[in-house]
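Report on the structure given below.
Numbered from 1 within each chain, the chains take letters A, B, ... in sequence-line order.
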Protein chains: 2
Amino acid sequence: MKKGLSEICYKFFLNLSNPTRLAVLEQLMNQPLSVNELADTLGQEQSMISHNLKPLLECNFVYTEKQGKQRIYSANKETIGALFKAVENHAEKFCPTGGKCHLKDD
Amino acid sequence: MKKGLSEICYKFFLNLSNPTRLAVLEQLMNQPLSVNELADTLGQEQSMISHNLKPLLECNFVYTEKQGKQRIYSANKETIGALFKAVENHAEKFCPTGGKCHLKDD
DNA sequence: TTTTCATATGTATATTCTTTCATATAAAGT
DNA sequence: ACTTTATATGAAAGAATATACATATGAAAA
């Protein structure tokens, strides 16, 4: 890890620090989905999904592939899997609230 | 990974999505430091360091220990190490710009 | 070539974060 | 008790983000 990391790649984490994008990634870890499938599954507007897919794509957290009119998105399982595993491990061992990161329960 | 992750723990990543906090974590991965030592090393105001240490502490990304008047902070190496490793790996394999995450070079 | 379906983009607003400056607390020494 | 040093907290201004709605692009079918 060179010293520039903090300045250069904080956007890596910024990209992940959004409930919509995390929800998209969670879904795509299960299976590839089109934009509208994601929108339906998550109960969000299509434009919102598209807006949020863009940064994920730019950082190569997801891949996309044309299929007729549709665009099928899939997750970069290596990176996202490692990150989710790190979160899980941290939640288990270090989150006093059992993984809820001091947010109010709901 | 339960399905609630995206809603509940996006703050995990939010916490990391800031250059100051990442710089603090980088320093603390090398050795424990006091608030003023961090401020000096990073060339930032003490109050800014304190403000940014707070969320890191709340998520147990760092630990603290009183030592006289000082407060010595150290990193949760298990979690932060795993995350930095994931970033490094991603940068090497998936960042077209060689780890610069499509930010302008400088 | 028109229509339809799927996705992307533009823009404005509301919200959230970051930072700075000022001040408060807290601990140790005098 | 008072002073000094170390750290934390409060508040306000500015910057960055998220979201919603409208619209544009693009691809296939009719």
Side-chain angles (χ1 to χ4, degrees), chain A residues 6-28 32-74 101-104 106, chain B residues 6-25 27-28 32-74 101-104:
Chain A
S6 50
E7 272 304 324
I8 293 169
C9 265
Y10 75 96
K11 286 219 172 180
F12 180 98
F13 292 113
L14 190 58
N15 212 336
L16 298 164
S17 65
N18 174 286
T20 303
R21 287 194 291 280
L22 275 185
V24 164
L25 289 173
E26 264 186 304
Q27 288 305 126
L28 297 183
L33 291 168
S34 72
V35 176
N36 275 320
E37 284 170 334
L38 280 167
D40 290 349
T41 303
L42 300 177
Q44 306 269 220
E45 295 210 348
Q46 172 269 315
S47 75
M48 177 159 163
I49 301 297
S50 280
H51 274 302
N52 280 291
L53 279 168
K54 193 177 180 180
L56 292 176
L57 197 55
E58 280 173 347
C59 261
N60 291 308
F61 288 157
V62 302
Y63 306 121
T64 185
E65 187 189 354
K66 241 174 281 189
Q67 205 169 97
K69 295 187 228 191
Q70 299 187 113
R71 221 160 236 291
I72 307 298
Y73 284 82
S74 55
C101 297
H102 71 73
L103 290 179
K104 57 193 167 313
D106 59 336
Chain B
S6 50
E7 274 302 324
I8 293 168
C9 266
Y10 75 97
K11 286 216 172 180
F12 179 99
F13 292 113
L14 189 58
N15 213 336
L16 298 164
S17 65
N18 173 288
T20 304
R21 287 194 290 280
L22 276 185
V24 164
L25 289 172
Q27 287 305 126
L28 296 182
L33 290 169
S34 72
V35 177
N36 275 319
E37 284 170 335
L38 280 167
D40 289 351
T41 303
L42 300 176
Q44 306 269 222
E45 295 210 347
Q46 172 268 316
S47 75
M48 177 158 163
I49 301 297
S50 280
H51 274 303
N52 280 290
L53 279 168
K54 191 176 179 181
L56 293 176
L57 197 55
E58 281 172 348
C59 261
N60 291 308
F61 287 158
V62 302
Y63 306 121
T64 185
E65 186 189 356
K66 239 174 283 189
Q67 204 169 96
K69 297 189 228 190
Q70 297 189 116
R71 220 160 238 292
I72 307 298
Y73 284 83
S74 55
C101 295
H102 69 71
L103 290 178
K104 57 194 167 314

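Looking at heavy-atom distances under 4.0 Å, I49(A) makes no contact with the nucleic acid at all. Residue S34(A) is classed as a sugar-phosphate contact, given heavy-atom separations below 4.0 Å to backbone atoms only. Within 4.0 Å (heavy atoms only), Q46(B) reaches at least one base atom of the nucleic acid. The residue E45(A) sits close to a base: some heavy atom pair falls under 4.0 Å. Across all strands shown, L14(B) has heavy atoms under 4.0 Å from sugar-phosphate atoms exclusively, and none from any base.
Of the candidate nucleotides dA20(D), dT7(C), dC17(C), dC17(C) has the atom nearest to the side chain of K11(B). Nearest nucleotide to the side chain of N36(A), out of dA6(D), dA8(C), dA6(C): dA6(C).
As a whole-Å value, the separation of Q70(A) CD from dT4(C) P is 19 Å. When the P atom of dC5(C) is taken as reference, atom CD of E37(A) falls 16 Å away, rounded to whole Å. Remark: P of dT7(D) and CE of M48(B) are 17 Å apart, rounded to the nearest angstrom. Note: NE2 (H51(A)) to P (dA12(C)) measures 13 Å, nearest angstrom. K54(B) has its NZ atom 12 Å from the P atom of dA11(D), to the nearest Å. Residue L53(B) contributes atom CG, which lies 16 Å from atom P of dA6(D) at whole-angstrom precision. As a whole-Å value, the separation of R71(A) CZ from dA28(D) C1' is 15 Å. Atom CZ of F13(A) is separated from atom C1' of dC17(C) by 18 Å (rounded to the nearest Å).
Although no hydrogens or angles enter the test, the distance criterion places no donor-acceptor pair under 3.5 Å between the side chain of S50(B) and the main chain of S47(B). In this structure, R21(B) contributes its side chain and N15(B) its backbone to a donor-acceptor pair below 3.5 Å.
Residue N18(B) has a polar side-chain atom (N or O) positioned under 4.0 Å from OP1 or OP2 of dT18(C). Here N52(B) does not reach the OP1 or OP2 of dC17(C): none of its side-chain N or O atoms lies under 4.0 Å away. Considering only side-chain N and O atoms, T20(B) lies under 4.0 angstrom from the phosphate OP1 or OP2 of dT19(C). One finds a side-chain N or O of Y73(A) lying less than 4.0 angstrom from the OP1 or OP2 phosphate oxygen of dA8(C). Taking only side-chain nitrogens and oxygens, R21(B) comes nearer than 4.0 Å to OP1 or OP2 of dT18(C).
Using a 4.5 Å heavy-atom cutoff, the side chains of T64(A) and Y73(A) are in contact. Looking only at side-chain heavy atoms (C-beta outward), L22(A) and F13(B) come within less than 4.5 Å of each other. Taking 4.5 Å as the limit, every side-chain heavy atom of R71(A) sits out of range of all side-chain heavy atoms of E65(A).
If you find the closest nucleotide of DNA chain D to K66(A) and to S47(A), the one lying nearer the 5' end belongs to S47(A). The residue among K69(A) and L57(A) whose nearest nucleotide of DNA chain C is located toward the 5' end is K69(A).
From S17(A), atom OG reaches atom NZ of K11(B) across 11.0 Å, with rounding to the nearest 0.5 Å.
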